[in-house]
Enquirer: 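Structure in structure tokens, see below.
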Amino acid sequence: MEKFLYRYRYLSIHIILLFIVHSFYVYVYTQSPALRNNYSAQIALRLITWTVPVLIYLSALKINLLDYLKLRKNVFRGIICGLIIGSFILILHGTGYYFKNNAIKINFQFGMGIWFKSIILVGFSEEILFRGFILKKLQENTNFSKANIIQSILFVLIHCVGWIQLGQFVFPSIVQNCGLIFIVAIIMGYIYKKTDSLWSCILVHSFLNFASLSMVLR
């Protein structure tokens with residue numbers, strides 16, 4: 001463990017600071033009605049705390065951001081694969097909704113704040129951090145399978161921070177939620193590897209969030 005932490009000392013510091021800052025953000029979010037109703041502030045804070053530090057870190061190492069994060073390479077392939085997989089997710093989710101409710105009802109009335117914060121931005125910010133940055137940094141000193149498992153565990157834990165402070169860390173539903181998030185993170189890692197493009201993950205993530213918001217399975 002000590003050897004692992006030393007090898008990934010800078011990445012470990014980055015992740016620890018991320019969890020500390022995110023914990024503080026969620027705490028303020030739960031205590032501040034003004035922040036909960038201000039989507040612009042939430043979007044800005046997410047970019048400042050999740051995305052900007054990654055860009056600063058890579059820039060400090062004089063690494064080309066677009067190339068490293070796989071945002072320049074295989075753009076067309078990434079977008080096409082993301083759209084195909086995302087469409088499949090919508091069909092699968094819609095089928096599940098139909099069998100549970102004997103009808104399909106899709107809600108598009110989120111408001112622009114929810115559209116940007118929970119559908120468009122989340123795919124961008126979370127994929128840059130976890131698949132584009134953390135997964136790739138881990139792969140520099142270990143194989144893909146181990147790196148993918150580690151980034152998936154971290155992805156679950158960052159969600160747990162919010163669930164705990166929002167009072168949503170409740171058994172037994174939390175076991176299912178953690179399992180689902182872990183599987184999603186694992187799959188995202190493989191999509192990233194197979195397409196060699198982060199755009200596929202960004203689009204699939206956004207489709208997933210849209211499906212969960214627009215068609216709530218009851």
Enquirer: Can you tell me how far apart CG (Leu45) and CG (Asn38) are? Round to the nearest 0.5 Å.
Expert: 9.0 Å

Enquirer: For Phe169 and Cys160, which heavy atoms make the closest approach, and how far apart are they?
Expert: CE1-SG, 3.8 Å

Enquirer: State yes or no: do Leu166 and Val21 share one hydrophobic cluster built from I, L, V, M, F, W and Y residues joined by side-chain heavy-atom distances below 4.5 Å, directly or via other members?
Expert: no

Enquirer: If you define the side chain from C-beta out and look only at heavy atoms, does anything of Leu18 sit under 4.5 Å from Thr49?
Expert: no

Enquirer: Sort and list the pairs that fulfil side chain to side chain donor-acceptor pair (under 3.5 Å) and have at least one residue in residues 113-122, not counting sequence neighbours.
Expert: Gln42-Lys117

Enquirer: Could you state whether Val122 and Ile191 fall into the same hydrophobic cluster, counting links through intermediate Ile, Leu, Val, Met, Phe, Trp or Tyr residues with side-chain heavy atoms under 4.5 angstrom apart?
Expert: no

Enquirer: If the plane angle is over 60° it's perpendicular, under 30° parallel, otherwise tilted; pick one for Tyr57 and Phe133.
Expert: perpendicular

Enquirer: Check salt bridge (Lys or Arg N to Asp or Glu O under 4.0 Å) between Lys137 and all other residues, then give those that pass, not counting sequence neighbours.
Expert: Glu140

Enquirer: For residues 145-167, which residue pairs qualify under side chain to side chain donor-acceptor pair (under 3.5 Å), counting only residues two or more places apart or in two chains?
Expert: Arg131-Gln151, Asn148-Gln151

Enquirer: Just to verify, what does Asn74 make a side-chain hydrogen bond (donor to acceptor under 3.5 Å, both in side chains) with, not counting sequence neighbours?
Expert: Asp196

Enquirer: Is there any ring-ring contact (aromatic ring centres under 6.0 Å, His included) pair reaching into residues 175-197, and which pairs are they, with sequence neighbours excluded?
Expert: Phe144-Tyr190

Enquirer: Got a donor-acceptor contact below 3.5 angstrom from the Thr142 side chain to the Gln139 backbone?
Expert: no

Enquirer: Under 4.5 Å between side-chain heavy atoms, counting indirect links through other Ile/Leu/Val/Met/Phe/Trp/Tyr residues: same cluster for Val204 and Ile84 or not?
Expert: no

Enquirer: Using a side-chain heavy atom cutoff under 4.5 Å and only I, L, V, M, F, W and Y, what cluster partners does Ile20 have?
Expert: Ile16

Enquirer: Looking at Gly123 and Ser206, what are the two nearest heavy atoms and their distance?
Expert: CA-OG, 3.9 Å

Enquirer: From Leu203 CG over to Ile80 CD1, what is the distance, rounded to the nearest 0.5 angstrom?
Expert: 9.5 Å

Enquirer: Are any of the side-chain heavy atoms of Phe130 and Ile158 separated by less than 4.5 Å?
Expert: yes

Enquirer: Please determine whether side chain to side chain contact (heavy atoms under 4.5 Å, CB included) holds for the pair Ile187 and Ile183, giving the CA-CA distance in whole Å, both sets of side-chain angles, and the decisive distance to 0.1 Å.
Expert: CA-CA 6 Å; Ile187 293 173; Ile183 292 171; 3.8 Å; yes

Enquirer: In the hydrophobic cluster built from side-chain contacts under 4.5 Å, what are the other members alongside Ile56?
Expert: Val52

Enquirer: Taking all non-hydrogen atoms of both residues into account, name the closest pair between Gly162 and Val26 and its distance.
Expert: CA-CG1, 4.0 Å

Enquirer: Are any of the side-chain heavy atoms of Ile150 and Leu135 separated by less than 4.5 Å?
Expert: no

Enquirer: Can you name the salt bridge (Lys or Arg N to Asp or Glu O under 4.0 Å) partners of Arg72, sequence neighbours left out?
Expert: Asp67

Enquirer: By side-chain hydrogen bond (donor to acceptor under 3.5 Å, both in side chains), which residues pair with Ser125, not counting sequence neighbours?
Expert: Arg46

Enquirer: Between atom CD of Glu126 and atom OG1 of Thr51, what is the distance when rounded to the nearest 0.5 Å?
Expert: 9.5 Å

Enquirer: For residues 18-45, which residue pairs pass the ring-ring contact (aromatic ring centres under 6.0 Å, His included) check, not counting sequence neighbours?
Expert: His22-Trp50

Enquirer: Taking Leu69 as the starting point, is it possible to reach Ile48 by hopping between hydrophobic residues whose side chains are less than 4.5 Å apart?
Expert: no

Enquirer: Treating Ile, Leu, Val, Met, Phe, Trp and Tyr as nodes and any side-chain heavy-atom pair under 4.5 angstrom as an edge, say whether Ile63 and Ile128 lie in one connected cluster.
Expert: yes

Enquirer: Could you check if a side-chain atom of Leu65 sits within less than 4.5 angstrom of a side-chain atom of Ser59, using non-hydrogen atoms only?
Expert: yes

Enquirer: So, taking the atom named CD1 in Ile85 and the one named OG in Ser87, what distance separates them when rounded to the nearest 0.5 Å?
Expert: 10.0 Å

Enquirer: Would you list the pairs meeting salt bridge (charged side-chain N to carboxylate O under 4.0 Å, His left out) in which at least one residue belongs to residues 177-195, sequence neighbours left out?
Expert: none

Enquirer: Can you measure from CG (Leu129) to CG (Leu154) and round to the nearest 0.5 angstrom?
Expert: 9.0 Å

Enquirer: With the side chain counted from C-beta on, respond yes when Glu127 and Trp199 share a heavy-atom pair under 4.5 Å apart, and no when they do not.
Expert: no

Enquirer: Kindly determine whether Arg36 and Val28 satisfy side chain to side chain contact (heavy atoms under 4.5 Å, CB included), including the steps that lead there.
Expert: CA-CA 9 Å; Arg36 289 198 297 273; Val28 173; over 6 Å; no

Enquirer: Are His14 and Pro53 close enough that some pair of their side-chain heavy atoms sits under 4.5 Å apart?
Expert: yes

Enquirer: Let me see the working for Leu157 and Val161 under side chain to side chain contact (heavy atoms under 4.5 Å, CB included), right down to the final yes or no.
Expert: CA-CA 6 Å; Leu157 292 176; Val161 170; 6.0 Å; no

Enquirer: Let's go through Met188 and Cys201 carefully: what are the C-alpha distance in whole Å and the side-chain angles of both, what is the deciding distance for side chain to side chain contact (heavy atoms under 4.5 Å, CB included) to 0.1 Å, and is it a yes or a no?
Expert: CA-CA 6 Å; Met188 286 293 189; Cys201 297; 4.2 Å; yes

Enquirer: Sorted by first residue and then second, give each salt bridge (charged side-chain N to carboxylate O under 4.0 Å, His left out) pair with at least one member in residues 16-31; sequence neighbours left out.
Expert: none

Enquirer: Distance from Leu83 atom CG to Phe207 atom CZ, nearest 0.5 Å?
Expert: 5.5 Å

Enquirer: Counting neighbours of CD on Gln31 that are heavy atoms of other residues, nucleotides or ligands and sit closer than 6.0 Å, is the number greater than 12?
Expert: yes

Enquirer: Should we count OH of Tyr68 as having more than 12 external heavy atoms under 6.0 Å?
Expert: yes

